[in-house]
Structure formats: C-alpha cells, structure tokens
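Questions regarding the structure given below will be posed in turn.
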Amino acid sequence: MGRGLYSIPVAFRILIVASLFLCGLREFARTRASEVVRIGVGEGTAVDLDGTVVDPLKASAGKVVVLMFVRVDCPISNRYAPTIQGIERRARLENAGRVAFWLVYPDRSESAEQIRKHEKEFGYDLPALRDARRSLVAESHAQTTPEAAVFDANRKLVYHGRIDNLYEDFGRARPVATTHELEDAIRAALNGKEVTHASVPSVGCYISDLK
C-alpha cells in the first residue's frame, strides 16, 4: 500500500497514462468546439453558402456595408433584383471599392442550393449569406424583404428600410421611384454625414411571417 501507480506493472502504467492523455485531447477538442460555437453566437451566426460562419461587418472592415435582405419567393424582392444590382454597381465604380454589398437570406427553409439557383435566375453576382438564426436581422432591425441596412465604416447602423419609394403598398407601385433612400444613405455614410431619415418602412414580405 502507499505506492499507488508504481505498484502497477509497467505495461499497465503506460496504458493508463495513454488513456488519460487521449481523454485530455478529447476534452480539449470539445472545449475548442464549444468556443467556436460561442464565437459564432456572439459575433453573428450567418453563414455563407458553403456553411462557413461569416460576420459581414468584419469581413468588410473599413468599408460602408450594405446588407440586402431578400427571399427567393417574395415577388417584390425579386422585382427589385435589377435595382439592387444597379445600385451596387454604381456604388462600386464610383467609390473605389469603399462599399461592400451582401445579400442576406433570412428564411431558414431556403437551402444553399435554392439560393444559388435564385442568384443565377436573377443575375445576382453578390456574396450571399443565410441568416437562419436572424442575427443579422436583429442587428439591422430588418422587418421585410426587400429591405436594406447600411453600416458606416465604424460598424454603426446608420440606415435601415426601403430601397426607394417605388411601392406605395403591397400590389401598388408607382411608374418610377421618386425618392432613393438607400443611395442617399450610402452617400451620407461615405461622406461621414448623418442620414436624414435613419429608418423608412419597406413594403414587401414580412420576415416575422417566416418560421
């Protein structure tokens, strides 16, 4: 008695030490995995179409960031596809890459395959994120699709709401838009100015209706 581990044959001592080492490795791996999950939850749980967690504000550090909330099955959202791409193209060409656009899909039932098909069908050439946990929805105060959120270079939300005033109500559209809130907000953010109207309700499909 009193000799503990040293009273056990050498082969068994080696086996015990090896087992303890493997248990330690498993615990370390489990702890690291949980840390990764916590990082995702704390900094945004949106993922790209390959399933990688992405924080678009960090990924576009130092830029004005525009999050465009869209759905594959929302008719108003789909009608805005050419407008969204036109605004992105002008912002990119006129501001030397100082503006970053991201498509955000908040409907957790939409698969990566469906989103890829949607992007191809409507000619989108923008990075897309799936926001199944609605972390970006919450951060942007988004309520409908389509809806835009504009963050300045310091990651401050400076605008959220409609793209323009083309739609007066669901099913009622003007011939052409007469106000352009999203482009006004981007311009203000680039120039370090306050957006005149920081929030303007958007007409479209309610995110709250999604499961």
Side-chain angles (χ1 to χ4, degrees), residues 46 56-57 60 63-107 110 115 118-119 121-129 131 134-210:
L57 301 183
S60 309
K63 298 182 179 182
V64 170
V65 176
V66 180
L67 304 183
M68 287 300 323
F69 292 87
V70 297
R71 280 167 57 182
V72 302
D73 62 349
C74 180
I76 294 180
S77 178
N78 288 335
R79 181 171 176 182
Y80 265 102
T83 301
I84 293 169
Q85 292 169 94
I87 294 172
E88 187 277 334
R89 190 178 303 110
R90 286 191 294 276
R92 173 165 39 85
L93 295 177
E94 294 173 7
N95 298 288
R98 294 168 58 207
V99 183
F101 272 69
W102 298 78
L103 295 178
V104 182
Y105 290 79
D107 187 347
E110 294 173 350
I115 292 171
H118 179 254
E119 287 190 297
E121 181 179 355
F122 288 92
Y124 278 120
D125 187 23
L126 299 173
L129 299 174
D131 190 26
R134 316 267 164 79
S135 59
L136 296 179
V137 167
E139 194 168 4
S140 303
H141 301 184
Q143 297 182 15
T144 62
T145 60
E147 187 165 331
V150 179
F151 294 81
D152 67 14
N154 296 314
R155 301 182 61 174
K156 177 186 176 184
L157 178 65
V158 296
Y159 175 76
H160 64 94
R162 69 187 183 188
I163 297 168
D164 56 33
N165 72 341
L166 180 64
Y167 276 86
E168 300 176 70
D169 201 347
F170 204 91
R172 290 176 54 202
R174 294 178 171 86
V176 294
T178 58
T179 64
H180 305 275
E181 286 81 3
L182 175 54
E183 289 190 281
D184 291 344
I186 293 172
R187 196 173 300 112
L190 285 168
N191 294 324
K193 296 181 178 179
E194 188 173 342
V195 178
T196 304
H197 301 289
S199 176
V200 182
S202 178
V203 176
C205 306
Y206 285 107
I207 294 172
S208 60
D209 290 343
L210 299 172

Is the backbone of V203 close enough, under 3.5 Å, to the side chain of T144 for a donor and an acceptor to pair up by distance? no
Could you walk me through whether L136 and W102 satisfy the side-chain contact (heavy atoms from CB on, under 4.5 Å) test, starting with their C-alpha distance in whole Å, then the side-chain angles of each, then the deciding distance to 0.1 Å, before giving a yes or no? CA-CA 11 Å; L136 296 179; W102 298 78; over 6 Å; no
Across all chains, not counting sequence neighbours, the side-chain contact (heavy atoms from CB on, under 4.5 Å) partners of E88 are R92, F101, L126
Identify, with sequence neighbours excluded, every residue that meets salt bridge (Lys or Arg N to Asp or Glu O under 4.0 Å) alongside E168. R172
Between the CG atom in L190 and the CG atom in N95, the distance rounded to the nearest 0.5 Å is 4.5 Å
Between the side chain of E181 and the main-chain N/O of G161, is any donor-acceptor distance below 3.5 Å? no
Side chain to side chain donor-acceptor pair (under 3.5 Å) with R89: which residues, sequence neighbours excluded? none
Donor-acceptor check, side chain of D131 to backbone of S135, threshold 3.5 angstrom: yes or no? yes
If the condition is ring-ring contact (aromatic ring centres under 6.0 Å, His included), which residues does H141 pass it with, not counting sequence neighbours? H160
Residues forming a side-chain contact (heavy atoms from CB on, under 4.5 Å) with N154, sequence neighbours excluded: D152
Look at atom CG of N191 and say whether more than 12 heavy atoms of other residues, nucleotides or ligands are closer to it than 6.0 Å. yes
Answer yes or no: is there a donor N or O on one side and an acceptor on the other, between the side chain of R134 and the main chain of P106, under 3.5 Å? yes
Using the side-chain hydrogen bond (donor to acceptor under 3.5 Å, both in side chains) rule, collect all pairs that involve residues 70-85, keeping only residues at least two apart or in two chains. R71-D73, N78-H118, R79-Y167, Y80-D164
